Colleague: 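Mind having a look at this structure? Questions to follow.
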Amino acid sequence: MFPYGSSVAWKRKGNNVLFYYASLGVVSLFLLLLFQSGLTSSDKLLLGGTLTIGVVKALYYYSLRKKSYIEFHEDRLEIAQIPLIKSKQINYNQIHNVVMINNDMLTLNMMDGSEETIYRDKLTDVSFNQIKGILVDQLGPRSTHF
(Lines give C-alpha, C1' and ligand atoms only; values in the text may rest on other atoms or scores of the structure.)
Protein backbone atom coordinates (compact mmCIF):
# COMPACT_ATOMS: atom_id res chain seq x y z
CA MET A 1 0.00 0.00 0.00
CA PHE A 2 1.34 3.38 -0.99
CA PRO A 3 -0.56 6.27 0.60
CA TYR A 4 -0.86 9.72 -0.84
CA GLY A 5 2.25 11.83 -0.27
CA SER A 6 2.96 14.83 1.92
CA SER A 7 0.18 15.53 4.39
CA VAL A 8 1.26 19.19 4.54
CA ALA A 9 0.55 19.64 0.83
CA TRP A 10 -2.89 18.02 1.13
CA LYS A 11 -3.75 20.13 4.19
CA ARG A 12 -2.73 23.23 2.25
CA LYS A 13 -4.90 22.16 -0.68
CA GLY A 14 -7.81 21.53 1.71
CA ASN A 15 -7.35 24.97 3.26
CA ASN A 16 -7.25 26.56 -0.20
CA VAL A 17 -10.46 24.80 -1.24
CA LEU A 18 -12.19 25.82 1.98
CA PHE A 19 -11.07 29.44 1.54
CA TYR A 20 -12.19 29.43 -2.12
CA TYR A 21 -15.69 28.12 -1.38
CA ALA A 22 -16.11 30.37 1.67
CA SER A 23 -15.08 33.37 -0.44
CA LEU A 24 -17.43 32.30 -3.19
CA GLY A 25 -20.25 32.03 -0.66
CA VAL A 26 -19.54 35.46 0.83
CA VAL A 27 -19.31 37.16 -2.57
CA SER A 28 -22.50 35.42 -3.72
CA LEU A 29 -24.31 36.46 -0.54
CA PHE A 30 -23.14 40.05 -0.99
CA LEU A 31 -24.24 40.16 -4.63
CA LEU A 32 -27.61 38.59 -3.87
CA LEU A 33 -28.27 41.09 -1.07
CA LEU A 34 -27.08 43.95 -3.26
CA PHE A 35 -29.41 43.16 -6.15
CA GLN A 36 -32.36 41.78 -4.18
CA SER A 37 -34.17 42.98 -1.11
CA GLY A 38 -33.81 39.62 0.64
CA LEU A 39 -32.78 36.02 0.20
CA THR A 40 -35.23 33.56 -1.27
CA SER A 41 -35.24 29.91 -0.27
CA SER A 42 -33.49 28.97 -3.53
CA ASP A 43 -30.76 31.53 -2.75
CA LYS A 44 -30.29 30.02 0.69
CA LEU A 45 -30.17 26.54 -0.82
CA LEU A 46 -27.56 27.67 -3.36
CA LEU A 47 -25.38 29.29 -0.68
CA GLY A 48 -25.75 26.32 1.66
CA GLY A 49 -24.90 23.91 -1.16
CA THR A 50 -21.82 25.92 -2.09
CA LEU A 51 -20.52 25.92 1.47
CA THR A 52 -21.34 22.22 1.90
CA ILE A 53 -19.40 21.30 -1.25
CA GLY A 54 -16.44 23.33 0.00
CA VAL A 55 -16.44 21.64 3.41
CA VAL A 56 -16.77 18.15 1.88
CA LYS A 57 -13.92 18.77 -0.56
CA ALA A 58 -11.71 20.18 2.21
CA LEU A 59 -12.42 17.16 4.43
CA TYR A 60 -11.54 14.88 1.52
CA TYR A 61 -8.14 16.56 1.10
CA TYR A 62 -7.51 16.49 4.85
CA SER A 63 -8.14 12.73 4.92
CA LEU A 64 -5.97 11.83 1.90
CA ARG A 65 -2.87 11.10 3.98
CA LYS A 66 -4.72 8.13 5.47
CA LYS A 67 -5.84 6.74 2.10
CA SER A 68 -4.04 4.49 -0.32
CA TYR A 69 -3.15 5.90 -3.74
CA ILE A 70 -1.67 2.68 -5.15
CA GLU A 71 -1.97 -0.88 -3.94
CA PHE A 72 -0.10 -3.84 -5.41
CA HIS A 73 -1.57 -7.34 -5.34
CA GLU A 74 -0.28 -10.63 -6.74
CA ASP A 75 -2.06 -10.31 -10.08
CA ARG A 76 -3.05 -6.64 -10.28
CA LEU A 77 -2.53 -3.11 -9.05
CA GLU A 78 -5.15 -0.60 -7.95
CA ILE A 79 -4.93 3.14 -8.55
CA ALA A 80 -7.25 5.43 -6.59
CA GLN A 81 -9.62 7.55 -8.65
CA ILE A 82 -11.56 10.67 -7.77
CA PRO A 83 -13.81 10.48 -4.68
CA LEU A 84 -16.85 8.22 -4.81
CA ILE A 85 -15.42 6.19 -7.69
CA LYS A 86 -13.92 2.77 -7.07
CA SER A 87 -10.18 2.32 -7.55
CA LYS A 88 -9.02 1.43 -11.05
CA GLN A 89 -7.93 -2.23 -11.06
CA ILE A 90 -5.32 -3.20 -13.63
CA ASN A 91 -4.13 -6.75 -14.20
CA TYR A 92 -0.41 -6.97 -14.87
CA ASN A 93 -1.03 -8.97 -18.04
CA GLN A 94 -3.09 -6.05 -19.45
CA ILE A 95 -0.09 -3.70 -19.32
CA HIS A 96 1.81 -3.45 -22.62
CA ASN A 97 4.61 -1.25 -21.26
CA VAL A 98 5.43 1.51 -18.78
CA VAL A 99 6.86 4.87 -19.80
CA MET A 100 8.29 7.60 -17.55
CA ILE A 101 7.34 11.08 -18.74
CA ASN A 102 9.51 14.05 -17.65
CA ASN A 103 10.38 12.21 -14.43
CA ASP A 104 6.95 13.40 -13.16
CA MET A 105 4.65 10.52 -14.04
CA LEU A 106 4.54 6.89 -15.04
CA THR A 107 2.20 6.06 -17.88
CA LEU A 108 0.94 2.50 -18.09
CA ASN A 109 0.16 1.73 -21.74
CA MET A 110 -2.46 -1.01 -21.92
CA MET A 111 -2.84 -3.77 -24.49
CA ASP A 112 -6.14 -2.22 -25.64
CA GLY A 113 -4.47 1.16 -26.36
CA SER A 114 -5.72 2.97 -23.25
CA GLU A 115 -3.43 4.59 -20.68
CA GLU A 116 -3.36 4.97 -16.92
CA THR A 117 -1.10 7.45 -15.19
CA ILE A 118 0.65 7.40 -11.83
CA TYR A 119 1.48 10.96 -10.76
CA ARG A 120 4.66 11.67 -8.82
CA ASP A 121 3.19 14.71 -7.03
CA LYS A 122 0.62 12.50 -5.31
CA LEU A 123 3.37 10.40 -3.69
CA THR A 124 6.57 10.89 -1.76
CA ASP A 125 9.80 10.53 -3.77
CA VAL A 126 10.66 7.34 -1.88
CA SER A 127 7.25 5.81 -2.67
CA PHE A 128 7.50 6.79 -6.33
CA ASN A 129 10.90 5.09 -6.64
CA GLN A 130 9.61 2.00 -4.83
CA ILE A 131 6.68 1.81 -7.23
CA LYS A 132 9.06 1.97 -10.19
CA GLY A 133 11.02 -0.91 -8.66
CA ILE A 134 7.91 -3.02 -8.12
CA LEU A 135 6.78 -2.40 -11.70
CA VAL A 136 10.21 -3.49 -12.99
CA ASP A 137 9.94 -6.67 -10.91
CA GLN A 138 6.36 -7.41 -12.02
CA LEU A 139 6.66 -6.47 -15.70
CA GLY A 140 10.29 -7.25 -16.52
CA PRO A 141 11.23 -6.09 -20.05
CA ARG A 142 7.91 -4.26 -20.49
CA SER A 143 9.11 -1.67 -17.96
CA THR A 144 12.38 -0.75 -19.68
CA HIS A 145 11.12 2.62 -20.88
CA PHE A 146 12.22 4.46 -17.72
Side-chain angles (χ1 to χ4, degrees), residues 1-32 39-146:
M1 178 177 111
F2 292 93
Y4 283 87
S6 170
S7 61
V8 173
W10 295 115
K11 284 180 185 176
R12 185 178 309 123
K13 189 158 185 161
N15 290 339
N16 289 344
V17 164
L18 197 57
F19 177 75
Y20 170 78
Y21 278 93
S23 299
L24 182 64
V26 168
V27 169
S28 298
L29 177 64
F30 175 75
L31 290 174
L32 286 169
L39 294 177
T40 64
S41 59
S42 61
D43 294 339
K44 292 175 185 175
L45 183 63
L46 178 67
L47 290 172
T50 301
L51 294 176
T52 302
I53 290 171
V55 169
V56 168
K57 284 179 81 172
L59 290 174
Y60 168 74
Y61 286 122
Y62 294 149
S63 68
L64 273 182
R65 63 186 171 86
K66 298 175 187 173
K67 295 184 182 202
S68 174
Y69 176 49
I70 296 181
E71 288 186 31
F72 286 94
H73 301 279
E74 287 183 24
D75 60 338
R76 71 185 189 288
L77 67 100
E78 294 181 18
I79 302 174
Q81 302 293 307
I82 60 175
L84 304 177
I85 295 181
K86 190 176 178 183
S87 296
K88 179 76 173 183
Q89 297 186 8
I90 303 169
N91 289 331
Y92 296 125
N93 60 7
Q94 292 176 335
I95 301 173
H96 180 263
N97 65 12
V98 181
V99 178
M100 169 107 52
I101 299 175
N102 295 331
N103 208 23
D104 290 332
M105 61 183 79
L106 292 172
T107 300
L108 309 174
N109 296 315
M110 303 298 161
M111 296 288 189
D112 65 1
S114 64
E115 296 180 346
E116 290 298 325
T117 305
I118 299 171
Y119 296 96
R120 180 183 209 119
D121 63 348
K122 292 185 178 183
L123 297 159
T124 63
D125 289 337
V126 172
S127 294
F128 189 75
N129 291 328
Q130 288 174 339
I131 288 169
K132 286 191 322 190
I134 292 171
L135 288 172
V136 167
D137 291 343
Q138 290 290 337
L139 303 175
R142 295 182 289 166
S143 64
T144 59
H145 296 84
F146 290 153

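All values reported here derive from a predicted model rather than from experimental measurement. Residue numbers run from 1 in the order of the sequence given. The figures here come from the full heavy-atom set of this structure, side chains too, leaving out hydrogens, waters and symmetry mates.
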Colleague: Should Asn109 and Val99 count as side-chain neighbours, where that means a heavy-atom distance under 4.5 Å?
Modeller: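 A side-chain contact exists here, since the closest heavy-atom pair is under 4.5 Å.
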
Colleague: With rounding to the nearest 0.5 Å, note down the distance linking CZ in Arg76 to CD in Gln94.
Modeller: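 Separation between the atoms: 11.5 Å.
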
Colleague: Go through Leu64 and Tyr60 one step at a time and tell me if the side-chain contact (heavy atoms from CB on, under 4.5 Å) criterion holds.
Modeller: CA-CA 6 Å; Leu64 273 182; Tyr60 168 74; 3.5 Å; yes

Colleague: Could you give me the CA-CA distance, side-chain angles and deciding distance for Leu106 and Ile131, then say whether side-chain contact (heavy atoms from CB on, under 4.5 Å) is met?
Modeller: CA-CA 10 Å; Leu106 292 172; Ile131 288 169; 4.2 Å; yes

Colleague: As an exercise, state the distance from CG of Asp75 to OH of Tyr92, rounded to the nearest 0.5 Å.
Modeller: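 Interatomic distance, Asp75 CG to Tyr92 OH, rounded to 0.5 Å: 7.5 Å.
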
Colleague: How long is the span from the CG atom in Asp125 to the CD atom in Gln130, to the nearest 0.5 Å?
Modeller: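 These two atoms lie 11.0 Å from each other.
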
Colleague: Who pairs with Asn103 by side chain to side chain donor-acceptor pair (under 3.5 Å), at least two apart in sequence or on another chain?
Modeller: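 Per chain and number, Asn103 pairs via side chain to side chain donor-acceptor pair (under 3.5 Å) with Arg120.
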
Colleague: Looking at Tyr4 and Lys122, would you say the former's side chain and the latter's main chain have a donor-acceptor pair under 3.5 Å?
Modeller: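 Side chain of Tyr4 to backbone of Lys122: no pair is present.
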
Colleague: Taking the side chain as everything from C-beta on, heavy atoms only, tell me whether His73 gets closer than 4.5 Å to Glu71.
Modeller: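 In short, these two side chains touch, coming nearer than 4.5 Å.
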
Colleague: What distance do Leu29 atom CG and Leu47 atom CG have between them, rounded to the nearest 0.5 Å?
Modeller: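 Going from the CG atom of Leu29 to the CG atom of Leu47 covers 5.5 Å.
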
Colleague: With side-chain contact (heavy atoms from CB on, under 4.5 Å) as the test, would you mind laying out the steps for Met100 and Lys132 before giving the verdict?
Modeller: CA-CA 9 Å; Met100 169 107 52; Lys132 286 191 322 190; 3.1 Å; yes

Colleague: Sequence neighbours excluded, which residues qualify as side chain to side chain contact (heavy atoms under 4.5 Å, CB included) partners of Lys44?
Modeller: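 Side chain to side chain contact (heavy atoms under 4.5 Å, CB included) check on Lys44 returns Leu39.
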
Colleague: Under 6.0 Å between ring centres: does that hold for Phe2 and Tyr69?
Modeller: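 No; Tyr69 has its ring centre 6.0 Å or more from that of Phe2.
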
Colleague: Can you find a heavy atom in the side chain of Met110 that is under 4.5 Å from one in the side chain of Ile90?
Modeller: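 Of all side-chain heavy-atom pairs linking Ile90 with Met110, at least one is under 4.5 Å.
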
Colleague: With distance as the sole test, does Asp43 use its side chain to make a donor-acceptor pair with the main-chain N or O of Thr40 at under 3.5 Å?
Modeller: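 Yes.
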
Colleague: Indicate every side-chain donor-acceptor pair of residues 15-24 with a distance under 3.5 Å to a residue at least two apart or in another chain.
Modeller:
{"from": "Asn15", "atom 1": "OD1", "to": "Tyr62", "atom 2": "OH", "distance (Å)": "2.4"}
{"from": "Asn15", "atom 1": "ND2", "to": "Lys11", "atom 2": "O", "distance (Å)": "3.4"}
{"from": "Asn16", "atom 1": "ND2", "to": "Arg12", "atom 2": "O", "distance (Å)": "3.4"}
{"from": "Ser23", "atom 1": "OG", "to": "Phe19", "atom 2": "O", "distance (Å)": "2.8"}

Colleague: Keeping the roles fixed (side chain from Ser127, backbone from Leu123), state whether a donor-acceptor pair exists under 3.5 Å.
Modeller: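 No, the answer is negative, given that no donor and acceptor are paired below the 3.5 Å cut-off.
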
Colleague: What distance do Leu139 atom CG and Leu77 atom CG have between them, rounded to the nearest 0.5 Å?
Modeller: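 It comes to 8.5 Å.
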
Colleague: In sequence, state the C-alpha distance, the side-chain angles, and the governing distance for Ile118 and Met105, and then conclude on side-chain contact (heavy atoms from CB on, under 4.5 Å).
Modeller: CA-CA 6 Å; Ile118 299 171; Met105 61 183 79; over 6 Å; no

Colleague: Give a yes or no on whether the backbone of Ser114 and the side-chain of Asp112 come within a donor-acceptor separation of less than 3.5 Å.
Modeller: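 A pair under 3.5 Å: yes.
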
Colleague: Distance from Asn97 atom CG to Leu108 atom CG, nearest 0.5 Å?
Modeller: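 So the gap between those two atoms works out to 9.0 Å.
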
Colleague: Please check this pair: side chain of Gln81 against backbone of Ile79, looking for a donor-acceptor N/O pair closer than 3.5 Å.
Modeller: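 Such a contact is found between Gln81 side chain and Ile79 backbone.
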
Colleague: Are side-chain heavy atoms of Phe30 and Leu32 found at a separation under 4.5 Å?
Modeller: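 The answer is no; the side chains never approach within 4.5 Å.
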
Colleague: Write down the atom of Ser68, the atom of Ala80, and the distance for their closest heavy-atom approach.
Modeller: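 In this case the closest contact between Ser68 and Ala80 is O-CB, 3.6 Å.
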
Colleague: Is Lys88 salt-bridged to Glu116, cutoff N-O under 4.0 Å?
Modeller: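 Yes.
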
